[in-house]
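Below: the structure, in structure tokens.
Bear in mind that the values here come from a model prediction, so they are computed numbers and not experimental data.
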Amino acid sequence: MKLLTLNVHAWQEENQEKKLDHLAKTIFEEQYDVIALQEVSQHRDQDVVEGQIKADNYGYILQKKLKELGSAPYEMVWAPSHYGYEVFEEGIALLTRHPMIESNDFYVTKSREMKNWKSRNIVGAVIEIDNKPIHFYSCHLGWWEDTEEPARGQMDALLEQIPADGRVFLMGDFNNHADIRNEGYDYLIQNGFYDTFTLADEKDSGVTVEGKIAGWDQNKRGIRIDLILTNQKVNVFSSKVIFNGRNRDIVSDHFGVEAVITE
């Protein structure tokens, strides 16, 4: 099973169309089983094409590009979290080439207002892979020290939604640096999750952000905030950072994480 998580920074990138083409080409070539995307935006004034999806939804455009490449169909579930840059409905998404049994979304913040940029929604889906149902969640959480919407409260709300039995994968931009002790990363590990990076037989640095980006304005080093976590120990062949300019071209202000699970 091959997984990918990426904060795409939709419609905020220079050469956005070229980068979206590169992402689609990579997905087509790598044939990921499940993809978790964050900051998947659409303009609030665009026409609706289906459900909540509008014509310029980044994930919807990605689906179309994959189809043009001749890819097997990728089903998508998307939900908005808040307005970004005033004119965009910013959300999260899961895509899969396997049967999606069911899906849902839920807020993990006290705020559920689209006008509040700290509002955080999660998308979840039960996906059947090798005749087994697996629970996947695409996550974009806040910061540990935030006084209005602290990450611990968001993590508690997320953990409440997770089934007591069955295999679970949390994928996304957690905004909590894995190398800082006694904060969000450790809190999730202490609550029974395993980091596929730690479990991997082959791995690189794991760094997914280099330098300053929005939300990490003082950052001067490489940090690991984009993660793939699971509630059961699994055999992980590899965990690699992708779209970092060394392993595929850069497509966002975040790099992605690719994990290959052999169990």
* Salt-bridge test for Lys54 and Asp47: reply yes if a basic N is under 4.0 Å from a carboxylate O, no otherwise. => no
* Side chains of Ser111 and Ser119, donor plus acceptor under 3.5 Å -> yes
* Please tell me if the side chains of Gln12 and Phe88 come closer than 4.5 Å, counting only heavy atoms from C-beta onward. => yes
* Asked: Is a salt bridge present between Arg224 and Asp195, judged by a nitrogen-to-oxygen distance below 4.0 Å?
  -> yes
* To do: Find out if a path of hydrophobic residues (ILVMFWY) with successive side-chain heavy-atom gaps under 4.5 Å connects Trp78 to Leu4.
  => yes
* So, Arg246 and Glu210, do they make that salt bridge, N to O below 4.0 Å? -> yes
* If two hydrophobic side chains count as joined below 4.5 Å and joins carry through other members, does Leu20 share a cluster with Leu94? -> no
* Reported OH-to-CG distance for the pair Tyr185 and Asp179, which is rounded to 0.5 angstrom -> 8.5 Å
* To do: Inspect the contact between Lys25 and Glu29 and indicate whether a charged nitrogen and a carboxylate oxygen are less than 4.0 angstrom apart.
  => yes
* Establish whether Val234 and Tyr194 are linked, either directly or via other cluster members, by ILVMFWY side-chain heavy-atom contacts under 4.5 Å. => yes
* Asked: With under 30° as parallel and over 60° as perpendicular, where do the rings of Phe169 and Phe136 fit, or are they tilted in between?
  -> parallel
* Asp173 side chain to His140 main-chain N or O, any donor-acceptor pair under 3.5 Å? -> no
* Output yes when Lys19 and Asp249 qualify as a salt bridge under the 4.0 Å nitrogen-oxygen rule, no when they do not. => no
* Asked: Quick one: does Arg248's side chain get under 4.5 Å of His22's, heavy atoms only?
  -> yes
* Asked: Above 12 or not: heavy atoms from other molecules or residues under 6.0 Å from CZ of Phe237?
  -> no
* Asked: Would you call Asp186-Arg181 a salt bridge at under 4.0 Å N-O?
  -> yes
* Structure fact -> Smallest heavy-atom separation, Trp117 atom then Tyr83 atom, equals CB-O, 4.4 Å
* Hey, is Glu149 close enough to Lys118 for a salt bridge, meaning N to O under 4.0 Å? -> no
